[in-house]
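The shown structure was predicted, so the numbers you read here are calculated from the model rather than taken from an experiment.
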Amino acid sequence: MGNLSTFIQMHNRAGYNYNPQFHKVSVAGVIIYSYAWLVPLALWGFLQWRKGVMQGVGSYSFLETVCVYGYSLTVYIPTTILCVIPFELFRWILIIVAMSISGFVLVLAFWPHIRNDNKMASLGMVIGMIALHVLMAVGFKMYFFQKFEEQKAAVAVATQKPAHITTHKS
């Protein structure tokens with residue numbers, strides 16, 4: 001969808017040559033699968049540890065934890081499709097709404113298991129879950145759905161030769 005978004009923004013500009021960025025598909029796959037497996041693994045391990053330390057702390061099985069995370073990410077499917085619309089404020093609103101809904105699902109799903117734990121552990125787990133969720137959502141927005149002017153400026157800075165460097169012919 002990021003490639004389609006770039007094409008929609010740029011197809012009317014003079015000199016634009018469509019160049020699909022297939023490497024972004026690999027990046028997206030690695031990030032999504034890492035997030036959907038490693039974060040639940042860490043959370044499940046934390047809950048298993050807390051279950052042994054504190055009475056009344058519950059836990060899902062590892063597979064149930066992965067499923068909760070997977071279901072919480074489904075809201076990003078329509079969000080990604082709608083992010084093709086080339087209005088930056090609209091995209092940010094979509095990302096914030098999706099991130100809030102998804103984060104809310106996670107907190108509601110895990111809160112019954114951690115509410116009997118001490119306040120620091122409960123609050124730390126919720127803040128950690130939400131922080132990782134925000135990082136993923138904002139990171140995807142910034143990487144896949146940049147405005148073209150931002151992309152062009154980033155390329156110009158990366159390819160610009162510093163003024164103080166001179167080349168000598170021998």
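- Note: Leu132 CG to Leu43 CG = 10.0 Å, rounded to the nearest 0.5 Å.
- Taken from CG in Leu73 to NE2 in His133, the straight-line distance is 6.0 Å, to the nearest 0.5 Å.
- Annotation: side chain of Tyr33 is not in contact with side chain of Leu38 (no heavy-atom distance under 4.5 Å).
- Under the 4.5 Å side-chain contact rule for hydrophobic residues, Val97 and Met136 share a cluster.
- Sequence neighbours left out, not one pair with a member in residues 64-78 passes salt bridge (Lys or Arg N to Asp or Glu O under 4.0 Å).
- A donor-acceptor pair under 3.5 Å is absent between the side-chain atoms of Ser34 and the main chain of Ile31, judged by distance alone.
- A continuous path of hydrophobic side-chain contacts links Ile96 to Val138 [ILVMFWY only; heavy atoms under 4.5 Å].
- The backbone N or O of Ile85 lies less than 3.5 Å from a partner atom in the side chain of Arg91, making a donor-acceptor pair.
- Applying the side-chain contact (heavy atoms from CB on, under 4.5 Å) test to Leu94 and every residue at least two apart in sequence or in another chain returns Thr79, Leu82, Cys83, Phe90.
- Counting heavy atoms from C-beta outward, Asn118 and Arg50 have side chains that approach closer than 4.5 Å.
- Under the rule for a ring-ring contact (aromatic ring centres under 6.0 Å, His included), the partners of Trp37 that lie at least two apart in sequence or sit in another chain are Phe62.
- Expressed to the nearest 0.5 Å, how far CE of Met125 lies from NE2 of His113 amounts to 9.0 Å.
- The CE atom of Met99 lies 11.0 Å from the CG atom of Leu135; values are rounded to the nearest 0.5 Å.
- Residues Trp49 and Leu123 do not share a hydrophobic cluster, defined by chaining ILVMFWY side chains whose heavy atoms lie under 4.5 Å apart.
- In this structure a side-chain-to-backbone donor-acceptor pair under 3.5 Å is present from Thr80 to Tyr76.
- Tracing side-chain contacts under 4.5 Å through hydrophobic residues (I, L, V, M, F, W, Y), one reaches Leu41 starting from Val66; they form part of the same cluster.
- With sequence neighbours excluded, the residues that form a ring-ring contact (aromatic ring centres under 6.0 Å, His included) with Tyr69 are Tyr35.
- Applying the ring-ring contact (aromatic ring centres under 6.0 Å, His included) criterion to Trp111, with sequence neighbours excluded, gives no partner residue.
- Atoms CD1 and CE, on Ile114 and Met129 in that order, are 6.0 Å from each other to the nearest 0.5 Å.
- At a threshold of 4.5 Å between side-chain heavy atoms, the hydrophobic network of Ile, Leu, Val, Met, Phe, Trp and Tyr places Phe46 and Trp44 in two separate groups.
- With rounding to the nearest 0.5 angstrom, the OG atom of Ser72 is 11.5 Å from the CG atom of Leu108.
- Residues meeting the ring-ring contact (aromatic ring centres under 6.0 Å, His included) test with Phe110, sequence neighbours left out: Tyr60.
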